[in-house]
There are 2 protein chains.
Amino acid sequence: MIHVLLADDEALIRAGIASILGTAGDIEVVAEAADGREAVDLALRHRPAICLLDIRMPRLDGLKAAAELRRVLPEVAVVMLTTFNEDDYVTSALGSGASGFLLKSGDPRELIAGVRAVAAGGAYLSPAVTRRVITRLRERPLGTEAAARALVDQLGDREREVLALVGAAMSNAEIARRLHLVEGTVKGYVSQILTRLGLRNRVQAAILAYEAGLVPEAPLDRRA
Amino acid sequence: MIHVLLADDEALIRAGIASILGTAGDIEVVAEAADGREAVDLALRHRPAICLLDIRMPRLDGLKAAAELRRVLPEVAVVMLTTFNEDDYVTSALGSGASGFLLKSGDPRELIAGVRAVAAGGAYLSPAVTRRVITRLRERPLGTEAAARALVDQLGDREREVLALVGAAMSNAEIARRLHLVEGTVKGYVSQILTRLGLRNRVQAAILAYEAGLVPEAPLDRRA
DNA sequence: TGCGCGACCTGACGAAAGTCAGGTGAGGAC
DNA sequence: GTCCTCACCTGACTTTCGTCAGGTCGCGCA
């Protein structure tokens, strides 16, 4: 039996969802909460396998509640349940550690499929959400990072370190300061990186670092 | 009733999958193929709603068959069905126009959920696949592009054009040649772009262009 | 008509980046 | 030992960038 906690500020919606989940046979709603804070409290008490959280809720919204749950109960899987198919929500939700993202506009069977998939340790996105994700993946294939890493692995430790800072859009002087080197040294490394990887200038190097996931801090940060 | 075409080179696996799909009640396997070429031929004859394709098949593999199907029968949805959870396959499959990616190691109910989701016009990824996708999304959130575009929209046409080429890792001289300008002019634009967007150097500009999806050609191309 | 404004273009000059030719020291092969 | 290699570091020199101050043209508007 999959134990589920259900959080939504509207009692009617909670009832509807609970009823749908009840028809599955292997899913049981063990607690219902009307806001995020209550959801966290009840989760601590009941230890469900899955928490279904609405995003828009009073006191503590679903995203914050998800983050809190991940912190205090890492073994609980969180599934966001919302009306809106917004990019920002999807990303924030997954960033908060959610394992699923379901739309209320979806098919009831989707709800059950999602709960089961997540209970089995997987992750589930609503088809409509998945479709956007697929679009994104075509732009930036999964293999990209692996390919970039393969290139980066040809470098020595110091070179990789320099490359990461180049990717953070730092100047040679800044990199030198950070690494306690002289500017000339950094230039030498950059030059070596370029020839070793067959790149033409530091812009390519930066993009590569970026793709390899090497960049330590926000490269578009406008500060000094 | 959802009509499905099933393609796999092993008859036993086809039988197993057909049997699982049969238990759903609303799904019917209308044709079975032992290779990609046969799958395309049978799809043309039977016009199923969904084609379930194994990736490893003789004559025409699943990926190529998917691309072919998309070409000759755009209204048919393709779902890849495979043993391997490989980055390359996932990306190629989605690139070939597949609407789903299921693992044979998955739960049988997942198979049914996937077929239904795709038949409903959605897209479905196996939970294990979805999990990798989520990891990727955290690195590069869906909102990133929108934010980058918002910045880029502050620019004039010419500036945006220059920015795109900066993102392609071109030098000012190269950009000038491409745009039939003098190098000094390009420098002026770059400088203006930097101040207008509050960036510090062309590396940041390049990353921004990259994130905004502005980059017209592969920036890591090592040619001239 | 003349004025201001914005988008587009340019050149000179100082400041970075990139190249090249080294110079150290640690470790492995013989 | 000595020779070789490789990772690490450096400074002089050339090329490329980025800034700044300015020029042209077209357009709205008083």
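Order of the sequence lines fixes the chain letters, A, B, ..., with proteins taken first and strands second; residue numbering starts at 1 for each chain.
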Residue list, salt bridge (charged side-chain N to carboxylate O under 4.0 Å, His left out) with B:Asp9, at least two apart or on another chain: none
For A:Arg70, salt bridge (charged side-chain N to carboxylate O under 4.0 Å, His left out) partners two or more places apart: none
Closest of C:dA7, D:dT16, D:dC9 to the B:Ser171 side chain is D:dT16
Output the rounded distance in Å from CG (B:Leu181) to C1' (C:dA7). 13 Å
Would you jot down, in residue-number order, the residues of residues 184-192 of chain A having a non-hydrogen atom under 4.0 Å from DNA chain C? A:Lys187, A:Val190, A:Ser191
As a quick check of understanding, evaluate salt bridge (Lys or Arg N to Asp or Glu O under 4.0 Å) for B:Asp8 and B:Arg56, giving each step before the final call. CA-CA 8 Å; B:Asp8 193 303; B:Arg56 303 217 175 174; over 6 Å; no
A:Arg202 side chain near C:dA17 phosphate (N/O to OP1/OP2, under 4.0 Å): yes
Separation of atom CZ in A:Arg200 from atom P in D:dT15, rounded to whole Å: 18 Å
Is it true that A:Arg47 and A:Glu75 have a side-chain N and a carboxylate O under 4.0 angstrom from each other? yes
Hey, are B:Arg14 and B:Asp54 close enough for a salt bridge, meaning a charged N less than 4.0 Å from a carboxylate O? no
Starting at CD of A:Glu174 and ending at C1' of C:dA16, how long is that distance when rounded to a whole Å? 11 Å
To the nearest 0.5 Å, what is the distance between OG1 (A:Thr185) and CD1 (A:Ile175)? 12.0 Å
Rounded to the nearest Å, what distance is computed from the CG atom of residue B:Leu179 to the C1' atom of nucleotide C:dC8? 12 Å
Counting side-chain heavy atoms from C-beta on, which of C:dC9, C:dT19, D:dA7 comes nearest to B:Arg158? C:dC9
Please check: side-chain N/O of A:Asn201 versus main-chain N/O of B:Ala169, any donor-acceptor pairing under 3.5 Å? yes
Taking OP1 and OP2 of D:dC17, is either one under 4.0 Å from a side-chain nitrogen or oxygen of B:Asn172? yes
Round to the nearest Å and state the distance from A:Leu197 atom CG to C:dG18 atom C1'. 15 Å
Taking for each residue the nucleotide of DNA chain C bearing the nearest heavy atom, is the 5' side occupied by B:His180 or by A:Thr195? B:His180
Compare the minimum distances between each of D:dC9, D:dT16, D:dA7 and the side chain of A:Arg196, then state the nucleotide with the smallest one. D:dA7
Mind calculating the distance between CG (A:Asn201) and P (C:dA16) to the nearest angstrom? 18 Å
Whole-Å gap separating P (D:dC9) and CD1 (A:Ile193): 12 Å
Roughly how many Å is it from CD in B:Glu183 to P in C:dG11, rounded to a whole number? 11 Å
